[in-house]
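Report on the following structure.
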Amino acid sequence: AAAARGPRLAFGVAPRLSLRLVQWNIRDGCAAEPSRLAGIGRWLWRARADVATFNELNGWSPAQFARLAASWGLPHAALLETTTGYHVGLASRHPIAVEEANVSAPFHHGLLVVQLAGVRIALTHLSPADAIARRAEATALLEVERRQPARPLVVVGDLNTLSPLDAAEHDAQHLPRRLASDEALARKFLVALPPAAAAAAAVAAAADAGAVDADAGGGWLGGGWLGG
């Protein structure tokens, strides 16, 4: 069963005008790399982010994550223990209300939705192997946004996806043809086999719904989409 520690959903939080957010895939939990984990902690302390979201908290417990998050200056934390072992977690300077902790289909590595500081944050780790599966995950994420359309939703995580905003560069580098020549990469990044262009199916679904790539302007929300 999924476990996401933290207060359950609460409304009426006063909105903030801005929110500094960092998204980080720490890779396999850093279990064999304590020095790298320590470096991540030092960087987060200096960055003074309001919120930090993480992928691949493999082997971490909610208590361990909460202790480390507090040492980084982020006293509020929620960890989703996924069935794949690729846990996701969120730490914040502001109180967290857990809206959804989902480890069921279509989400490959789970979905954690929280509310904090007047916004909703959906943290996920989309399928690493199948563009069609990611499109189903993206469709489900759009349904999450539609539950409360008046409240901004930020989608963050390891989206395992090529951005359609980079299509011109992909074409210039002949990326669609190169991906199509490898069966595993074609399945991961292409919606169909050639002559399909390199398809960021999950991101495209969000873009079609009017979401904005928060990383396109070089901001803090790397790997994320902002809707609402």
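Heavy atoms only: backbone and side chains are in, while hydrogens, waters and symmetry mates are out.
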Pairwise salt bridge (Lys or Arg N to Asp or Glu O under 4.0 Å) hits with a residue in [range], at least two apart:
range: residues 64-79; value: none
range: residues 34-47; value: E33-R36
range: residues 103-122; value: E99-R120

Donor-acceptor check, side chain of [X] to backbone of [Y], threshold 3.5 angstrom: yes or no?
X: T124; Y: G110; result: yes
X: N102; Y: L111; result: no
X: R134; Y: S127; result: yes
X: N25; Y: D158; result: no

- Looking only at heavy atoms, which two atoms of A131 and L190 are closest? And how far apart? CB-O, 3.7 Å

- Task: Check salt bridge (charged side-chain N to carboxylate O under 4.0 Å, His left out) between E143 and all other residues, then give those that pass, not counting sequence neighbours.
- Result: R146

- Task: Could you tell me whether R147 and E100 have a side-chain N and a carboxylate O separated by less than 4.0 Å?
- Result: yes

- Under 4.0 Å between a Lys/Arg side-chain N and an Asp/Glu carboxylate O for D50 and R20?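 No, D50 and R20 are not salt-bridged.
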
- Same hydrophobic cluster for Y86 and L80, using side-chain heavy-atom links shorter than 4.5 Å among ILVMFWY?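 Shared cluster, no.
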
- Item | Listed once per pair and sorted, the ring-ring contact (aromatic ring centres under 6.0 Å, His included) pairs that draw on residues 19-39, sequence neighbours left out | W24-W43

- Message: Enumerate the ring-ring contact (aromatic ring centres under 6.0 Å, His included) contacts for residues 111-163, please, sequence neighbours excluded, ordered by first and then second residue.
- Response: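 Qualifying pairs: H109-H125.
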
- In Å and rounded to the nearest 0.5 Å, what is the CD to CD distance from Q148 to Q115? 5.0 Å

- Message: Can you confirm whether the side chains of Q23 and N55 place a donor and an acceptor under 3.5 Å from each other?
- Response: yes

- What class does the angle between the rings of F65 and W72 fall in, given that below 30° is parallel, 30 to 60° is tilted and above 60° is perpendicular?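 Correct class here is perpendicular.
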
